[in-house]
Amino acid sequence: MSSTSPFRTAIVPAAGLGTRFLPTTKAVPKELLPVVDTPGIELVATEAAEAGASRLVIVTSPGKDAVAQYFRPQPELEQTLAERGKDHLLAKVRRAPELLQVETAIQDKALGLGHAVGCAEGNLTGEDDAVAVLLPDDLVLPRGVLTRMAEVRAQYGGSVLCAFDIPREEISAYGVFDVREIGEQDVKRVVGMVEKPKADQAPSTFAAAGRYLLDRAVFEALKRITPGAGGELQLTDAIALLIAEGHPVHVVVHRGGRHDLGNPGGFLRAAVDFALEDPEYGPDLRQWLEGRIGTA
Ligand code: G1P
C-alpha cells in the first residue's frame, strides 16, 4: 500500500429512483445518461481508478441491473466492431470493463445516503482500512481531488472529505463543515459537520461535494446513527459522530469547478460543457449555440 493510495475500494451509491429524470428513468437509470457519449458513472469510475482504486462497489437497487451490466465486457459487440475495423469504437466499448473490478451491493429500501454506504460493508475485505465514496451526481473538476485527499490521509490519518466554498444562500442543500485553520492553504481540520442546515445556522460556507475518503471506522458509526435531516440515515451524521469521538477528519478545499448531474438543469450544463471541449462536436455546437442565443 503506497502512502498516497491508502484505499483500493470505491463505493458509488446508485440506488436512487432518479425521480427528477422521470419519465426517462422508468427505463434507464440516471447514472447511465450520457454526458456527450459516456455515462456519468463511467466518469466517476475513471476518477476512482485514477486515484488508485482497483475495486468499485456500486450500491444499487432491484431493477437497476443495467448500471453494473454497463461495466461487463460485451464480446459479441466487440467482435462485430473488430470485424468492421471500428477500432476507435472498440476502444470506447472496452474502456469501462477494463477500469476496475466492479461489484454490487443491494440497497432495497431508500433509507438515505448513510444507509446506502453501510450496505457496502459486506463487500469489504481485511485490506480495506479506508474506502472512497463518490456520489455519481457530483462531477468534481478537474479530476484529481481524491489523490490529494489520499495524501492528506497519509499525513493526518482518519478521514478526508472534499469541500467547496459555496454561496451562503445555497448552503442549505449540503452537508456543511465546521472548520479550523491548520496553516495549510487547501486543508482544514473539521470539528463538526451538519446536514442541510438553515443558511443562518450553517457553521461555515464549506460544503461536502460528493467525494469522501473514509476510515473504516465509519461503518461502526453508521450502525449507531438515527434518522436525521429529511428523516434519512445521513452519512454526515456518522462523520459527525466520528468527530465527536476524537477521530481526525480534514477537508481538502477544492477550488475547481463542479457539475450536478442529479437534475436535468445541471446535467445539461455538464453535457454542454463537455461537448464544447469535444473535438468532434465542440466547434459545431459552439457556432450553433452562438446563433441560437443571439436570436433567442
Ligand atoms: C448529499 C449529502 C450532502 C452533500 C451532497 C453533495 O446530499 O448528504 O452532505 O453535501 O450530497 O452533493 P444530496 O445531494 O443527496 O441531498
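Count residues from 1 along the sequence. In each ligand, atom 1 is the first atom listed, and ligand 1 is the first ligand listed. All heavy atoms count here, side chains included; hydrogens, waters and symmetry mates do not.
For Asn263 (side chain) and Arg20 (main-chain N/O), no donor-acceptor pair under 3.5 Å exists by modelled atom type. A donor-acceptor pair is defined here as one N or O able to donate and one able to accept, closer than 3.5 Å; no such pair exists between the side chain of Thr9 and the backbone of Arg55.
In this model, no donor atom of one side chain and acceptor atom of the other lie less than 3.5 Å apart for Tyr156 and Glu151.
The neighbour count for Gln185 CD, taken as heavy atoms of other residues, nucleotides or ligands under 6.0 Å away, does not exceed 12.
Ring orientation note: the planes of Phe164 and His254 are tilted relative to one another, at an angle of 30° to 60°.
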List of N/O pairs, ligand 1 versus protein, all under 3.5 Å?
from     : atom 1 : to     : atom 2 : distance (Å)
ligand 1 : 7 (O)  : Lys196 : NZ     : 3.2
ligand 1 : 8 (O)  : Glu195 : OE1    : 3.4
ligand 1 : 8 (O)  : Glu195 : OE2    : 2.7
ligand 1 : 9 (O)  : Gly175 : N      : 3.0
ligand 1 : 9 (O)  : Glu195 : OE1    : 2.7
ligand 1 : 9 (O)  : Glu195 : OE2    : 3.4
ligand 1 : 9 (O)  : Thr236 : OG1    : 3.4
ligand 1 : 10 (O) : Gly175 : N      : 2.9
ligand 1 : 10 (O) : Ala208 : O      : 2.7
ligand 1 : 12 (O) : Asp138 : OD1    : 3.3
ligand 1 : 12 (O) : Asp138 : OD2    : 2.8
ligand 1 : 16 (O) : Lys196 : NZ     : 2.7

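Listed by first then second residue, pairs satisfying side-chain hydrogen bond (donor to acceptor under 3.5 Å, both in side chains) with a partner in residues 233-245 read Glu195-Thr236, Arg224-Glu245, not counting sequence neighbours.
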